[in-house]
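First comes the structure, then the notes that go with it.
Just so it is clear, the model here is predicted, and its values are computed rather than measured.
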Amino acid sequence: QVHLVESGGGLVPPGGSLRLSCSASGINLESSDTDWYRRNPGKQRELVARIGPLNRTIYGDFVKGRFAISRNSALNTVYLQMDDLTSEDTAIYFCVANHFHWGQGTQVTVSS
C-alpha cells in the first residue's frame, strides 16, 4: 500500500521560505514521477513542480525560479524548497506519486 506524508507547511510572512517534504512508503520515488500540486479555494488545482526518475524537473510558470524540487533517494523523500513566498502561494500543497497516489496535503499560509 502506497502512503505519502507531506510535512513542512505553516505560516510564513511574505518573502519568507519553507521547505516541504514528501515521505513515501510502498513506492520507490526514485523510479517515479513525483509532483507537488497546490489547491487554493476559488482557484483550480495547479502543478507546482515535478521531478522524474532521471531527475528531470518541470515547474509551473508562476514559480519563476523561486522554488526547487529535489529528491533524497536514500530517504525516499521528495522536497520542495520555496523561497520569496507571496500571499498568492497560500494553498494546500499535495504530493503525488506516479500521477495517482496522493498525500493528505500540508497547508501553506503566507501572511504578515
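Sorted by first and then second residue, the pairs that involve residues 61-112 and meet disulfide bond (SG atoms under 2.5 Å apart), not counting sequence neighbours, are C22-C95. Pairs of residues two or more places apart, or lying in two chains, never qualify as disulfide bond (SG atoms under 2.5 Å apart) while including a residue from residues 35-86. Sorted by first and then second residue, the disulfide bond (SG atoms under 2.5 Å apart) pairs involving residues 25-85 (not counting sequence neighbours) form an empty list.
Applying the side chain to side chain contact (heavy atoms under 4.5 Å, CB included) criterion to K64, with sequence neighbours excluded, gives no partner residue. Under the side chain to side chain contact (heavy atoms under 4.5 Å, CB included) criterion, S73 pairs with E30, R71, not counting sequence neighbours. A search for side chain to side chain contact (heavy atoms under 4.5 Å, CB included) contacts involving A49 returns Y59, I69, L80, not counting sequence neighbours. Taking T57 as the reference, nothing meets the side chain to side chain donor-acceptor pair (under 3.5 Å) condition, with sequence neighbours excluded. Not a single side chain to side chain donor-acceptor pair (under 3.5 Å) links H3 to another residue, sequence neighbours left out. The side chain to side chain donor-acceptor pair (under 3.5 Å) search around R66 returns D89, not counting sequence neighbours. For D83, the side chain to side chain donor-acceptor pair (under 3.5 Å) partners two or more places apart in sequence, or in a different chain, are S17, Q81.
Grouping Ile, Leu, Val, Met, Phe, Trp and Tyr residues whose side-chain heavy atoms lie under 4.5 Å apart, directly or via other members, places L47 in a hydrophobic cluster with Y37, I58, I92, F94, V96, W102.
For the residue pair Y79/R19, the side-chain donor-acceptor check at 3.5 Å is not satisfied.
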Donor-acceptor contacts under 3.5 Å from residues 105-112 side chains, at least two apart:
residue: T106; atom: OG1; partner: G9; partner atom: N; Å: 3.2
residue: Q107; atom: NE2; partner: A91; partner atom: O; Å: 3.4
residue: Q107; atom: NE2; partner: T109; partner atom: OG1; Å: 3.4

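Both F62 and M82 sit in one connected hydrophobic cluster of ILVMFWY residues. Membership requires side-chain heavy atoms under 4.5 Å apart, directly or through other members. Under the 4.5 Å side-chain heavy-atom criterion for grouping Ile, Leu, Val, Met, Phe, Trp and Tyr, V78 is connected to V2 within one hydrophobic cluster.
With salt bridges taken as basic N to acidic carboxylate O contacts below 4.0 Å, one links K43 and E88.
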